[in-house]
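Read the structure below first, then the notes.
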There are 2 protein chains.
Amino acid sequence: MTSSLGAELAQRGVAPNCVRTIELVRDVLARVGDKWTLLTITVLASGPLRFTALHEQVAGISQRMLSQTLRGLTRDGLVTRTAYPHVPPRVEYALTPLGRSLSEAVDGLVCWVRDHQRDIARNRDEFDQVPAANTATRPCP
Amino acid sequence: MTSSLGAELAQRGVAPNCVRTIELVRDVLARVGDKWTLLTITVLASGPLRFTALHEQVAGISQRMLSQTLRGLTRDGLVTRTAYPHVPPRVEYALTPLGRSLSEAVDGLVCWVRDHQRDIARNRDEFDQVPAANTATRPCP
DNA sequence: CGGGATCCAGCAGGATACTG
DNA sequence: CAGTATCCTGCTGGATCCCG
């Protein structure tokens, strides 16, 4: 699958190192690009949490998506799942060292957004105020 | 919208600084979490490109999604769109300084995946080989 | 060549109800 | 409490045709 993508790109004359980058970006998105994974990781970054606690902190997530997301993260070795044989059940989720290192890598992106979201909002407003700027075929100045 | 999310979280007793983080992660995903934006940015990071060139390098993207993605990026001030009044038309896209800085922030994540994708693949294989490991309600050892 | 407009399928994901 | 099972909807995004 990935190799066929690489072959396809190589055939188009795309430089090999660029092909690698493109595949990596694909992997990034496959792992943290969905709606809830990144959010769950950053919430867990502040400490271990039980299922219900996560369900409250990750605003808007359904039980279905939470358990699904957590299973995926556990599968990848990014979080641990610890079940205590109690009644009522008690299950704790926590980041593994691998998960923590990912969380730190994500921090860079989060900081970037924090530092530049004002700029983006301003650019967006400017763009929207120019009439017909949202169409690509516009007159050349 | 964002403020209502913050209010909702605050009402649940979530710490204010965590609320900020969650909102930021939301913004990250809204900006680069879709299927093509991040890919387009990283391809443009190696230099300005014309529409067709982008269409070839960003493997698998349709013309529709490419123009849509580019318009979004242009709107946010992350790329510039330069149209030359020629026949046939010639349009070049390039990263702005803001776009380049985002591309650098993304690099951290890309490097993380490059360094750890083997680990993740191994964890995944291990997980999958344990029978019934994919169900959460499993016996406690 | 560089798009826009339209149509349509697939699947992510929400709501709800049920279980150990 | 911590999930699973089922159903169902909305939106993303692909295919196709058209235009300047």
Side-chain angles (χ1 to χ4, degrees), chain A residues 5 8 26 29-40 43-44 48-75 79-94 131-140, chain B residues 5 8 26 29-40 44 48-75 79-94 132-140:
Chain A
L5 168 65
E8 183 191 343
R26 280 247 152 94
L29 289 172
R31 192 135 300 113
V32 300
D34 66 304
K35 195 173 178 182
W36 299 114
T37 298
L38 207 54
L39 220 44
T40 305
V43 167
L44 277 176
L49 284 174
R50 299 177 57 175
F51 187 88
T52 303
L54 271 168
H55 188 233
E56 284 165 359
Q57 299 239 350
V58 182
I61 197 172
S62 61
Q63 285 197 344
R64 179 174 123 89
M65 291 317 295
L66 180 56
S67 76
Q68 199 168 299
T69 302
L70 287 170
R71 201 179 322 133
L73 289 172
T74 306
R75 192 168 99 103
V79 313
T80 57
R81 177 185 186 276
T82 313
Y84 301 96
H86 288 341
V87 176
R90 175 187 180 88
V91 179
E92 273 205 353
Y93 292 92
N134 53 347
T135 175
T137 55
R138 55 185 184 272
C140 317
Chain B
L5 168 64
E8 184 189 344
R26 278 248 153 93
L29 290 173
R31 191 134 301 111
V32 300
D34 66 304
K35 194 172 178 183
W36 299 113
T37 300
L38 208 53
L39 221 44
T40 305
L44 277 176
L49 285 174
R50 300 179 57 176
F51 187 87
T52 303
L54 271 169
H55 189 236
E56 284 165 0
Q57 299 238 350
V58 183
I61 196 172
S62 62
Q63 286 197 344
R64 178 173 123 87
M65 290 318 295
L66 180 57
S67 75
Q68 197 168 300
T69 302
L70 287 169
R71 201 180 323 132
L73 289 171
T74 307
R75 191 168 100 104
V79 313
T80 57
R81 178 186 185 276
T82 314
Y84 301 96
H86 287 343
V87 176
R90 175 188 181 87
V91 180
E92 273 204 351
Y93 292 92
N134 54 347
T135 174
T137 55
R138 55 186 183 272
C140 316

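Letters A, B, ... mirror the listed sequences (proteins, then strands); counts begin at 1. Keep in mind it's a predicted model, so treat the numbers as computed, not measured.
- When rounded to the nearest whole Å, the span between CD of B:Glu92 and P of C:dG2 equals 10 Å.
- Nearest-nucleotide mapping onto DNA chain C: of B:Phe51 and B:Arg64, the residue sitting toward the 5' end is B:Phe51.
- The shortest distance between the side-chain N/O atoms of A:Arg81 and the OP1/OP2 oxygens of D:dA2 is not below 4.0 Å.
- Checking the phosphate oxygens (OP1, OP2) of D:dA2, no side-chain nitrogen or oxygen of A:Ser67 falls inside 4.0 Å.
- A straight line from CG of A:Leu29 to P of D:dG13 spans 11 Å, rounded to a whole angstrom.
- Between D:dA2, C:dC1, C:dT6, one nucleotide has an atom nearer to the side chain of A:Val91 than all others, and that is D:dA2.
- Residues B:Pro89 and A:Gly60 each lie close to DNA chain C; by heavy-atom proximity, the contact nearer the 5' end of the strand is made by B:Pro89.
- B:Gln68 places its CD atom 12 Å from the C1' atom of C:dG3, with the value rounded to the nearest Å.
- Per the geometry, CE belonging to B:Met65 stands 19 Å off P belonging to C:dG2, to the nearest Å.
- A:Gln68 places none of its side-chain heavy atoms less than 4.5 Å from the side chain of A:Trp36.
- The CD-C1' distance, from A:Gln63 to D:dC1, rounds to 9 Å in whole Å.
- Within the structure, a side-chain polar atom (N or O) of B:Tyr93 is placed less than 4.0 Å from OP1 or OP2 of C:dG3.
- The phosphate of D:dG14 has OP1 or OP2 within less than 4.0 Å of a side-chain N or O from B:Ser62.
- In this structure, A:Lys35 atom NZ and D:dT12 atom C1' are separated by 12 Å, rounded to whole Å.
- Side-chain N/O atoms of A:Arg50 include one lying less than 4.0 angstrom from OP1 or OP2 on D:dA2.
- In this structure, CG of B:Asp34 is placed 16 Å from P of C:dA12, rounded to the nearest angstrom.
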